[in-house]
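Have a look at the structure below before the remarks.
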Amino acid sequence: MSTASSSVTVSDQFPAGLRVLVVDDDPTCLRILEKMLGTCLYEVTKCNRAEIALDMLRTNKNGYDIVISDVHMPDMDGFKLLEQVGLEMDLPVIMMSADDSKQVVMKGVTHGACDYLIKPVRIEALKNIWQHVVRKRKNEWKDLEQSGSVEEGDRQPKPSEEADYSSSANEGNWRTSKRRKDEEEEIEERDDTSTLKKPRVVWSVELHQQFVSAVNQLGIDKAVPKKILELMNVPGLTRENVASHLQKYRLYLRRLSGVSPHQGNSFISSHSQEPPYGSLSSLSGLDFQTLAATGQIPAQSLATLQAAGLARSAAKPGLPMPLVDQRNIFSFDNQKLRFGEGQPQHMSSGKQMNLLHGIPTTMDSKQLVNLHHSAQSLGSLNMQASAHGNPSGQSSPLLMQMAQPQSRGQILTETSGGQVPRLPTSVGHPILSNGAAGAMLAINGIGENSRGTGYNSVSQTSSVLNFPLNHSAELPGNSFPLGSTPGISAGMSTLTTKGGFQEEINSDIKGSGGFMPSYDIFNDLQQHKPHNWELQNVGFAFDASQHSNSLQASVDVTPSVLVNQGYSSSQRNVQNSNVSAMGKPIFSVGEGSEHGIALNVGQHLNSLLVDNSTRVKSERVTDTSCQPTLLPQHFGQEDLMSAILKQQQDGLGPAENDFEFDGYSLDNIPV
Amino acid sequence: MNSNQLQHQVLYMRRSLFDQGYLDSEQLIQLEDLQDDANPNFVEEVVSLFYSDSARLIQNIEQTLSNRPVDFSRLDDILHQFKGSCSSIGAKKVKDACSQFREYCNAGNAEGCSRSFQLIKQEYETLRRRLESYFQMVKQAKAA
């Protein structure tokens with residue numbers, strides 16, 4: 001793949017050390033592949049069963065760069081695994097088979113495989129698989145950028161570029177699994193054609209809402225990117241942006257309903273659970289769907305979210321939970337925010353991904369899903385976040401994370417690279433509002449036990465973070481309107497609502513851990529430090545201001561949970577003050593704050609920060625607290641922190657989030 | 001035999017395996033390339049793995065063929081796996097026999113399947129013997 005755009009800077013050693021997971025029930029083949037990949041200097045993990053592979057991927061979201069899987073396996077169809085991985089973890093997947101018939105190869109392409117190898121596999125074919133990893137990241141970047149261009153204006157979408165190259169199933173990988181190297185790569189990749197760091201299109205809540213309504217208008221079956229684009233009528237948005245978003249959305253829906261994508265829509269309607277937190281409604285069914293679609297969110301969560309969203313949704317039109325990669329979502333927000341700033345934010349998102357390293361960007365959908373506060377341990381959390389109407393729209397990813405019970409802490413761990421989200425089942429602390437939430441969500445998701453839910457990709461949280469913030473306001477029960485704290489409010493709102501909301505959320509989340517994605521964190525914190533997250537302990541002093549909530553995280557909050565802790569009150573205050581502070585606390589991730597989440601949190605925070613700058617903070621804070629185990633240590637907390645901080649600085653400004661959550665502008669967040 | 005002779009013998013056996021279509025030269029070379037100090041007998045190791053794993057497959061085929069009615073789709077499944085395995089070590093003749101089996105399978109021809117299966121087993125065993133001798137010769141040549 002040509003790093004067309006500029007340089008994808010990767011470490012000198014790359015591709016050596018590329019972490020490959022190879023799945024094949026044939027021991028002979030597996031052994032040979034293992035040896036071959038080892039010869040290519042990759043770090044190989046072999047697995048002979050798809051279920052085990054999924055488990056491994058879920059528990060160690062950030063642990064792999066690429067997956068190679070056989071098509072024909074006794075316990076699970078290889079294509080199904082392909083889909084799952086794409087949805088949950090958004091990693092590039094290469095299919096292999098002795099069967100070289102056109103139909104099968106085509107199936108691989110349509111299911112999103114980034115390549116298809118015919119057995120017997122030659123070592124030459126394996127030598128270049130790293131290109132898929134890079135390409136994915138690059139594309140993700142581009143996606144973000146492009147989406148971002150909507151706001152940005154100066155971004156020139158280069159969809160065509162991306163779409164064309166490389167792997168066959170490239171498009172399928174809406175979520176480039178940028179991990180590790182993503183950060184640099186993404187940043188660098190961005191061609192200098194457009195701004196230095198073209199943020200990807202951030203599918204803010206609003207934007208997503210528009211998208212969803214356009215899709216609904218056309219009918220999910222008839223919705224084609226071109227028409228959607230027309231209906232949406234968003235300047236700067238390209239057909240490619242919409243296409244990739246649609247793809248994710250479809251998957252999300254499919255996942256939600258557990259059936260083909262066509263059913264996605266029904267999902268929303270079918271679930272009419274009342275989300276515990278009113279704000280979820282903001283997610284509006286659409287989001288839920290999205291979330292659900294992303295697959296990460298357990299259907300239940302999604303349902304919950306939806307319900308919540310639907311029920312309450314009034315608040316937010318439904319965060320545009322783009323099905324986009326969760327990562328995108330996050331990044332999106334961040335990007336957006338950053339854009340104003342000028343990229344630093346972008347980094348955050350991108351960074352986040354990197355930071356989170358491995359935090360599967362799956363957060364996008366997942367995050368949304370996460371919002372689903374339903375019982376899903378994490379799922380709910382994530383959902384919640386999204387429900388809250390990710391202000392940044394990204395939240396969905398976070399939300400998703402949150403909801404991902406699977407991620408159980410993975411989310412955070414993801415970032416840390418494996419830190420298994422310790423998040424106590426508590427469901428993922430509500431991820432700090434959007435920004436923070438994103439991170440938090442991720443965390444939450446982890447805590448929630450989102451096992452495997454894609455949310456592990458904490459990275460995505462970034463986007464999510466943004467989202468939750470806004471949502472919190474939505475939470476009906478809570479007195480705290482998400483909107484109140486404009487940027488952070490999203491996250492914060494959750495928190496704030498915590499007062500009233502918490503109850504709700506908590507209750508709902510309880511399932512997941514009581515963690516409403518991002519929001520919950522706060523709520524939980526407030527309430528009762530539900531779930532394990534120790535929100536309170538988060539350590540970060542999150543001063544998130546104002547609220548007296550325990551969060552007080554003066555941002556120093558121990559990384560992860562920052563958000564929840566003192567969030568609620570902090571909304572306003574937090575936002576501002578926290579924003580900066582947030583950067584820190586959240587990222588504590590590195591600090592090892594409580595939970596590995598820290599990393600994620602940071603990430604999210606960044607995103608959050610970016611979004612609302614203020615909002616984020618609050619959210620983040622909570623997250624940190626929530627995530628007991630989240631702290632992804634491994635990824636360089638410092639990095640996160642810096643990223644976050646950076647964002648803060650950059651994003652601190654006006655709630656940059658381009659996506660103004662519905663009604664939540666920082667300024668007018670009705671508290 | 002002296003070392004030289006042993007070497008010659010090894011080469012001769014190798015050549016035969018290729019020429020007679022038992023083994024795919026390209027695949028064997030690929031596997032040999034993977035041998036290193038850490039895994040000096042990698043090829044042999046893989047071949048052993050193949051034989052132990054495929055024994056299970058053979059048993060499955062046996063069983064499925066004896067059931068009535070014959071479950072052709074299951075047979076096809078097993079054969080697909082078997083074929084994949086064969087190609088990993090380059091077992092050409094066995095693989096071709098599998099292809100033939102599959103054709104009968106697709107046609108729903110149980111009788112044809114049975115016959116093909118006999119051929120598969122035959123080739124499978126022949127190859128095993130040939131490879132065993134070959135590896136033995138290789139070891140001897142190395143030792144010499």
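Protein chains get the first letters and strands the later ones, always in sequence-line order, with residue 1 at the start of each. Treat the numbers as computed from the prediction; the structure is a model and nothing was measured.
- Using non-hydrogen atoms only and a strict 4.5 Å limit, no part of residues 93-117 of chain B faces chain A.
- Counting non-hydrogen atoms of neighbouring residues, nucleotides and ligands closer than 6.0 angstrom, the CD atom of B:Q59 reaches no more than 12 such neighbours.
- Summarising the geometry of A:T28 relative to B:F50, their closest heavy-atom pair is OG1-CA, 3.2 Å, with the distance given to 0.1 Å.
- More than 12 heavy atoms of other residues, nucleotides or ligands lie within 6.0 Å of CZ in B:R56, so this atom counts as buried by the packing criterion.
- Formation of a donor-acceptor pair under 3.5 Å by the A:K35 side chain with backbone atoms of B:L34 is found in this model.
- Of the atoms belonging to B:L31, it is side-chain heavy atoms, and not backbone ones, that fall under 4.5 Å from chain A.
- In terms of heavy atoms, A:P27 sits closest to B:L49 at O-CD2, 3.5 Å.
- In this structure, no portion of A:D70 lies under 4.5 Å from any heavy atom of chain B.
- Atoms NZ and OG, on B:K83 and A:S97 in that order, are 9.5 Å from each other to the nearest 0.5 Å.
- Atom CG of B:D33 and atom OG1 of A:T39 lie 9.0 Å apart (nearest 0.5 Å).
- Closest approach of A:D26 and B:S88 over heavy atoms only: OD2-OG, 4.4 Å.
- Counted within 6.0 Å of CD on B:Q63, heavy atoms from surrounding residues, nucleotides or ligands total 12 or fewer; the atom is thus considered open.
- For B:D77, the parts lying near chain A are the backbone and the side chain together; criterion is any non-hydrogen pair under 4.5 Å.
- One finds the CD atom of B:Q81 at 11.0 Å from the CE atom of A:M73 (value rounded to the nearest 0.5 Å).
- If you take CD on B:E45 and CZ on A:R31, they are separated by 4.0 Å, rounding to the nearest 0.5 Å.
- Listed for the B:Q30 side chain is a donor-acceptor partner under 3.5 Å among the backbone atoms of A:I123.
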